[in-house]
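What follows is a structure written as C-alpha cells; I'll ask about it next.
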Amino acid sequence: MSERTFENPVFVKTSESVIQEIACLEDACDFLRAWPKHRRGVIYETAKRACYRAFDELVPLTAARE
C-alpha cells in the first residue's frame with residue numbers, strides 16, 4: 001500500500017448515476033482540480049488545503065481523507 005493511499009476509500013456521487021472512488025491523495029487532488037469553478041467555496045478550499053498540506057506532510061493523510 002502506498003503511503004498516500006487512504007485506509008478506506010471515499011465514494012463521491014458526481015452525477016445522478018456516477019459514483020467516483022477516491023482511494024488515495026492523488027485521486028483526491030485530481031477530483032478537486034476537476035471541481036467546477038462556479039461551485040468552489042469554503043468546502044472546496046478546505047479540502048484543497050488539507051490535501052496539499054498532506055502532500056507536504058504537514059497534516060496526517062487521514063485529515064485529507066476526512
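All values below were derived from every heavy atom in this structure, side-chain atoms included, with hydrogens, water molecules and symmetry-related copies excluded. Computed from a predicted model, the values in this text were never measured in an experiment.
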- Message: Just verifying a value: how many Å separate L32 CG and I43 CD1, rounded to the nearest 0.5 Å?
- Response: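 Reported value, rounded in 0.5 Å steps: 11.5 Å.
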- Item | Check: E45 main-chain N/O paired with R40 side-chain donor or acceptor under 3.5 Å |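 Answer holds: no.
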- Item | Exercise: identify the closest heavy-atom pair between A64 and A50 |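 Where A64 meets A50 most closely, the heavy atoms are CB-O, 3.8 Å.
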- Message: I need the R4 CZ to E26 CD distance, nearest 0.5 Å.
- Response: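 Here the interatomic distance stands at 5.5 Å.
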- Pairing residues for R33 by the side-chain hydrogen bond (donor to acceptor under 3.5 Å, both in side chains) criterion, not counting sequence neighbours: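 Only D30 meet the side-chain hydrogen bond (donor to acceptor under 3.5 Å, both in side chains) criterion with R33.
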- According to a 4.5 Å side-chain heavy-atom criterion applied to Ile, Leu, Val, Met, Phe, Trp and Tyr, with indirect links allowed, do V10 and Y44 form part of one hydrophobic cluster?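 In one cluster: yes.
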- Message: R65 vs L25, test: side chain to side chain contact (heavy atoms under 4.5 Å, CB included). Steps then yes/no.
- Response: CA-CA 8 Å; R65 183 193 178 278; L25 193 52; over 6 Å; no
- Message: If you count heavy atoms of other groups shown closer than 6.0 angstrom to CD of E57, is the number above 12?
- Response: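 Result for CD/E57: open.
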- Indicate the atoms forming the closest heavy-atom contact of F6 with L61, along with that distance.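 Scanning both residues, the minimum pair turns out to be CE2-CD1, 3.6 Å.
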- Item | Listed partners of T14 passing side-chain contact (heavy atoms from CB on, under 4.5 Å), at least two apart |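 Listed in chain order: V12, V18, Q20, F31.
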- Listed once per pair and sorted, the ring-ring contact (aromatic ring centres under 6.0 Å, His included) pairs that draw on residues 46-66, sequence neighbours left out: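 Passing the test, one end in residues 46-66: no pairs.
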